[in-house]
Trainee: 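Quick one: this structure, given as structure tokens, is what I'll be asking you about.
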Amino acid sequence: MKVAKFGGSSVASAEQLKKVANIIMDDSDRRAIVVSAPGKRFKEDTKVTDLLIDLGQAYFNEDSYDYQLEQVMVRFKEITEQLQLPENVLKEIKQDLEKVLASEYSDELKVDAIKAIGEDSSAKVLSAYLQSLGLEATYLSPQEAGIIVSDEPGSAQILDESFDEIYKLRERKEIVVIPGFFGYTKEGKLVTFSRGGSDITGSIVAAGIKADLYENFTDVDSVYCVNPTIVDNPKEITALTYKEMRELSYAGFSVFHDEALIPAFKASIPVCIKNTNNPNGLGTIIVSQKETGDNPVVGIASDTGFLSLYVSKYLMNRELGFGRRLLHILEDECISFEHTPSGIDDLSVIIRESQLSVEKEQKVIERIKAELDPDMVHVERNLALIMIVGEGMNSTIGIAGKATAAFTEANVNLEMINQGSSEVSLMFGIKASGVNNAVKALYKSFFE
Ligand code: ASP
């Protein structure tokens, strides 16, 4: 039994949905299908989820939201008409939206319920289309499928008890079509995962039903070893381990949501990334173990939007509890951190810029000065992280040397170097302005 998840671009239009149906019909093992909301049909297009977020914003600002509502409906109208679906499919989508807007939910829950309409409608459309082709298919809401999540609007987490419930889906004889991106709390409230979270649903369903394979259909042939918007025609990765994929998606590989790996990894379900527009291509397979090929490095990831909070104090190494108290201040201010590279008398805390606004920064600095009496504390913004990833690196000499030589060639100054003890990745912090040059130089050095 396979779980197939189709991303936004795969369900963006009637034409794409026809490809999706062909893929489903092509393999009778594809019995649990998870879908995103319609995404972009072309570069400048807007995803239905973004339209819904705009609609929600207008609604909460008490502005007219007719325009946004119209835009959402136009998308579904076009799809349902071109697929020649019965009129009630479109009617139901409109009614669902109106019902959510008129509901008594709290604002937070209403935001999530509005966002979820995209996936929910997409699943209804696909199941109606499969039925129209003569297949036995049913739309299943995440609640019926057994997806029970924590009460954290916008960033729900799956609860363990879900998996036994989801396992029961194996008994179904027909194809089930489940909307991605949201689940229900124990109390029956609809809550979404973080953005891009349909991948998470797919992984949860695959783990729950103990699928033989989780196929994640997107719009690229495979995972590339470097961001193709930085390097032209980069090499494709045919196989990756969960750990490698986790590290790559942490630092900007957006092909697969980083939280989506965990359920598949825990249940040892292989994940295959494939292209809806080229379903016979090999794609990229993600498994727990694989043979290391000739190159110990499988990919180079980069992401911007980081800052470094630098604190130094003479004899920091002997001051009991210094690190804990520093991190406690961050916890108190609800700031999560990413890494803490340290020296003898200094400590840097790497934080995503979205976590620490400029206003909050002042407060944090004041608290550090007052509570830790440091010699120096300052914040440096506009940093990028570059990660070189590969399980084979831990037994290979000279990776760091090769990487630093590439940085030299690109004339990029290194602000930070961090190697986790697992040696699956080597991380470099640099000024964001140098990131593209550095990535190009690293690609040349490791892959050409
Ligand atoms: N539609 C949601 C988003 O755009 C979730 C997804 O597509 O995976 O974030």
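Reckoned from all heavy atoms, side chains included, excluding hydrogens, waters and symmetry mates. Ligands are counted one by one from 1 in listed order, and the atoms in each one are counted from 1 as well. None of these values were measured; they are calculated from a predicted model.
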Trainee: How many angstroms lie between CG in L330 and CG in L327, if you round to the nearest 0.5 Å?
Mentor: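 Interatomic distance, L330 CG to L327 CG, rounded to 0.5 Å: 6.0 Å.
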Trainee: Could you list the atoms of ligand 1 found under 4.0 angstrom from a heavy atom of R195?
Mentor: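 Every atom of ligand 1 under 4.0 Å from some heavy atom of R195: 3 (C), 4 (O), 9 (O).
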Trainee: With the side chain counted from C-beta on, respond yes when R381 and E361 share a heavy-atom pair under 4.5 Å apart, and no when they do not.
Mentor: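 Side-chain contact under 4.5 Å: yes.
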Trainee: Would you say E291 has more than 12 foreign heavy atoms packed within less than 6.0 Å of its CD?
Mentor: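 Open.
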Trainee: Please answer whether the main-chain N or O of L282 pairs with a side-chain N or O of K274 as donor and acceptor at a distance below 3.5 Å.
Mentor: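 Absent.
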Trainee: If you measure from each non-hydrogen atom of E119 to ligand 1, which part falls under 4.0 Å: side chain, backbone, both or neither?
Mentor: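 The answer is the side chain of E119.
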Trainee: Report yes or no: does a heavy atom of G196 sit under 4.0 Å from some atom of ligand 1?
Mentor: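 Checking ligand 1 against G196, which is what was asked, there is a heavy-atom contact under 4.0 Å.
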Trainee: Mind checking whether G180 has a heavy atom under 4.0 Å from ligand 1?
Mentor: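 Distance cut 4.0 Å: G180 fails for ligand 1.
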Trainee: Which of the atoms in ligand 1, numbered in the order shown and given with their element, are less than 4.0 Å from a heavy-atom of S36?
Mentor: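 By the 4.0 Å cutoff, the relevant atoms are 6 (C), 7 (O), 8 (O).
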Trainee: Got a second to check how far I350's CD1 is from Q355's CD, nearest 0.5 Å?
Mentor: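 Separation between the atoms: 13.5 Å.
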Trainee: Check each atom of ligand 1 against the heavy atoms of S198 and keep those under 4.0 Å away; list them by number with element.
Mentor: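 Answer, ordered by atom number: 5 (C), 6 (C), 7 (O), 8 (O).
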Trainee: In this structure, which one of D50, D258, D112 forms a salt bridge (Lys or Arg N to Asp or Glu O under 4.0 Å) with R195?
Mentor: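 Answer to the salt bridge (Lys or Arg N to Asp or Glu O under 4.0 Å) test with R195 among D50, D258, D112: D50.
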Trainee: Where does K47 meet ligand 1, judged by heavy-atom distances below 4.0 Å: at the side chain, the backbone, both, or neither?
Mentor: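 It is the side chain that touches ligand 1; the backbone stays farther off.
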